[in-house]
Structure formats: C-alpha cells, structure tokens
Amino acid sequence: MVHPRKRSRKRLITSDSDDDDDYTDKDYSIEEDTSKQLVLYDPQTTRRQQREFQLDEPIYDSTPLQQIPPKTKYGGHSRVLPSIGHYTVQCAQCFKWRVVPTKEKYEELRETISEELFVCARAREWNRVLSCDDPEDMSQDGSRVWAIDKPNIAQTPVGWNREVRIRGEGCSKFADVYYTSPAGTTLRSMVEIERYLAENPFYVRQGVYLGQFSFATPKPLQEDYVRKRKYSATTRELPDILEPVEVPSAAR
DNA sequence: AAGCTACGTCGATT
DNA sequence: AATCGACGTAGCTT
C-alpha cells in the first residue's frame, strides 16, 4: 500500500536544532521519508472487535519477541498482551521492515534514528545476521494495526517502563502513553511525571529527569482509524454521521 | 469496595 | 481545522 511516491526531498538527519519540533506530517508519512521509520503494531486489534484476523506467520523463527507482560502487581492479566505486539524498523537502504526483538532495543534505535539510520546490517546489534537481500520480516498489509512512531523519543529510564496502548478503532484518539515507575506507579502525563519526581527526589538523584519522558503517541497507518471530532463550536452543520440518535419521530 | 483500563472531553496549540 | 495534552470517569476486574 505504500506508494512509491517518494519525493527526493528527504532531509534526513534533521539538524540537531530541535528533535521534536522538526517533525511534521512529512516526517511521519511513510511515503515521504522512509529512511527513519519505526513502527509498532498491535497484533490483536484491541479486543473489542476481534475480526477474523488470521494470525499470521511467525515473524522469523526464534526471535525472542517476548514482550514484557503487563506487570500488574495485581496478578490478573486481563489483557494478554500489552497493546503493542511487535516493533519494527525500516531499512534505509532496501526499505524492508525488520522486526526489532525487544522494546528496549527499539527505543534505543528510535532515540537516534535520525542521526543513525537503520540498515539491515545493523541487526547484528541483536546478533542477527541479516542483509538487504533477505526477505522482509513483515509487510504492511491490512491485517494489523500499525502505529507509526515518532522519531527521536528519549529512551525510557532504566527501571521504568513506557507503554503505548492503542485504542480501539473508531475511538476519538488513537493511543495513550503510560509510564510506570520502578515502584509501580503509573503516570499518564508530564504533569504527573513532574510531580512524581518532585515527590520522589530519589529518582532525580539517580539521574532521572523530565527530558527522558515523552507522551508523544504514534499515529495510525490506517488513515480512518480514528473517529473525527464531533463538530466545532463554530460550525453550524452537524456531522451527518451522527449516531442513530433516536429520531424525534413526529410522524407517528 | 477499590483498583484499573479504555475512552471521551475540551482547552490549548499548531 | 486538526491534533495535542491532560484528566475525568464509566464500567469492568480483582
């Protein structure tokens, strides 16, 4: 589905200037700049609607794709898997998608993906002998929910966990990001992180600081995955797709 | 009853 | 106008 519509306009290696603010839709869109794409995808499609997703073939045999199971200290694991099932990165040379074995490695790659483009040979970093001649690990067919991540997000502090939870299709937002501290506290905004660190200077002494956190959410590959917002206050016309609200059937 | 998760909301921002 | 950021909460889980 990826149109080879690339324009040679790639300005890879965004200047050091500013990591974040540099990215616009252009950097995000896979058609444009394919040199630094990181993607995570949800293998399950948020439980709600469990379409008939033929569980696809294993990515590539013996990869320890072990996802850190939700460490709910409350035992129960209502959710079998965290929202994200696999992490992939696209080779800047052959454009094939490569599965990254662990979230840690994925975050490591992501942090500097703009400066250090990923190429198949780098799979050695996780002891995998790979070249651009090898068939791709997976393709963006429509069988999964793909989330295009934002480049250059700081690595999660050791001992902490950053989790992206993709919402169900049709929701008003695509996903949410949560951080869990080593102590097990879940935090869901920079405001909460800030407060938490203030209340627990222990971490700050350990070297943890705000710059290591980012609640930037990935965006869905599927364009219409997220429901559009209701209607703006200024707009007079309502969305014709208003829920089947009971019609004041005057004719009755 | 209490804890969580997933989702809606809405002001702020781009 | 679209997206982001932060947070309130319904309702499910423990």
Side-chain angles (χ1 to χ4, degrees), chain A residues 14 17-32 39-51 67-85 103 110 144-154 156 160-199 209-245:
Chain A
T14 67
S17 61
D18 224 295
D19 29 306
D20 297 346
D21 312 41
D22 251 2
Y23 301 102
T24 56
D25 308 10
K26 182 179 299 133
D27 301 279
Y28 256 151
S29 109
I30 60 173
E31 288 92 6
E32 306 278 329
V39 160
L40 7 88
Y41 80 86
D42 182 346
Q44 282 201 336
T45 350
T46 352
R47 77 285 202 54
R48 271 291 176 273
Q49 45 197 156
Q50 70 286 57
R51 308 307 195 59
Q67 201 54 48
I68 303 167
K71 53 189 63 175
T72 51
K73 51 209 315 189
Y74 301 79
H77 41 28
S78 56
R79 304 169 63 75
V80 183
L81 290 173
S83 187
I84 305 303
K103 174 153 63 175
R110 182 177 58 190
R144 296 289 183 280
V145 175
W146 289 76
I148 302 175
D149 220 344
K150 184 173 179 178
N152 304 5
I153 291 177
T156 302
W160 291 65
N161 182 46
R162 180 179 194 274
E163 184 181 356
V164 172
R165 295 184 197 165
I166 295 176
R167 295 188 175 189
E169 184 169 6
C171 281
S172 52
K173 284 188 57 186
F174 178 55
D176 297 292
V177 173
Y178 296 91
Y179 277 92
T180 302
S181 75
T185 301
T186 296
L187 303 163
R188 55 181 194 160
S189 73
M190 285 306 287
V191 174
E192 291 185 9
I193 293 286
E194 195 168 4
R195 188 175 65 228
Y196 185 80
L197 291 182
E199 297 175 347
Y209 60 99
L210 268 56
Q212 296 176 296
F213 300 86
S214 169
F215 285 86
T217 59
K219 86 172 204 175
L221 176 65
Q222 193 186 324
E223 198 45 61
D224 58 344
Y225 189 89
V226 177
R227 187 211 320 156
K228 298 310 176 187
R229 227 228 262 208
K230 320 283 281 188
Y231 53 86
S232 66
T234 54
T235 303
R236 219 157 280 287
E237 56 189 320
L238 303 178
D240 42 59
I241 46 175
L242 212 47
E243 302 309 315
V245 180

Rounding to a whole Å, what distance do you find between [X]:[atom1] and [N]:[atom2]?
X         : N       : atom1 : atom2 : answer
Tyr179(A) : dA6(C)  : OH    : P     : 12 Å
Leu187(A) : dA6(C)  : CG    : P     : 12 Å
Glu223(A) : dT3(C)  : CD    : P     : 7 Å
Glu194(A) : dG5(C)  : CD    : P     : 15 Å
Arg165(A) : dG8(B)  : CZ    : C1'   : 17 Å
Leu210(A) : dA6(C)  : CG    : P     : 10 Å
Met190(A) : dT13(B) : CE    : P     : 16 Å
Phe213(A) : dG5(C)  : CZ    : C1'   : 17 Å

Could you list, one pair per line, each protein nitrogen or oxygen that sits under 3.5 Å from a nitrogen or oxygen of nucleotides 7-11 of chain C, together with the distance?
{"from": "dC7(C)", "atom 1": "OP2", "to": "Ser189(A)", "atom 2": "OG", "distance (Å)": "3.0"}
{"from": "dG8(C)", "atom 1": "N7", "to": "Arg188(A)", "atom 2": "NH2", "distance (Å)": "2.7"}
{"from": "dG8(C)", "atom 1": "O6", "to": "Arg188(A)", "atom 2": "NH1", "distance (Å)": "2.7"}

| said: Considering every strand and a 4.0 Å limit on heavy-atom distances, what is the contact class for Tyr178(A): base, sugar-phosphate, or nothing? | reply: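 Contact class for Tyr178(A): base.
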Taking side chain as C-beta onward, heavy atoms only, is [X] less than 4.5 Å from [Y]?
X         : Y         : result
Arg162(A) : Ile153(A) : yes
Trp160(A) : Phe213(A) : yes
Arg195(A) : Leu187(A) : no
Gln222(A) : Val145(A) : no
Tyr179(A) : Thr156(A) : yes

| Restricting to pairs with a member in residues 181-193 of chain A, which pass salt bridge (charged side-chain N to carboxylate O under 4.0 Å, His left out), not counting sequence neighbours? |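 Matches after skipping sequence neighbours: Arg188(A)-Glu192(A).
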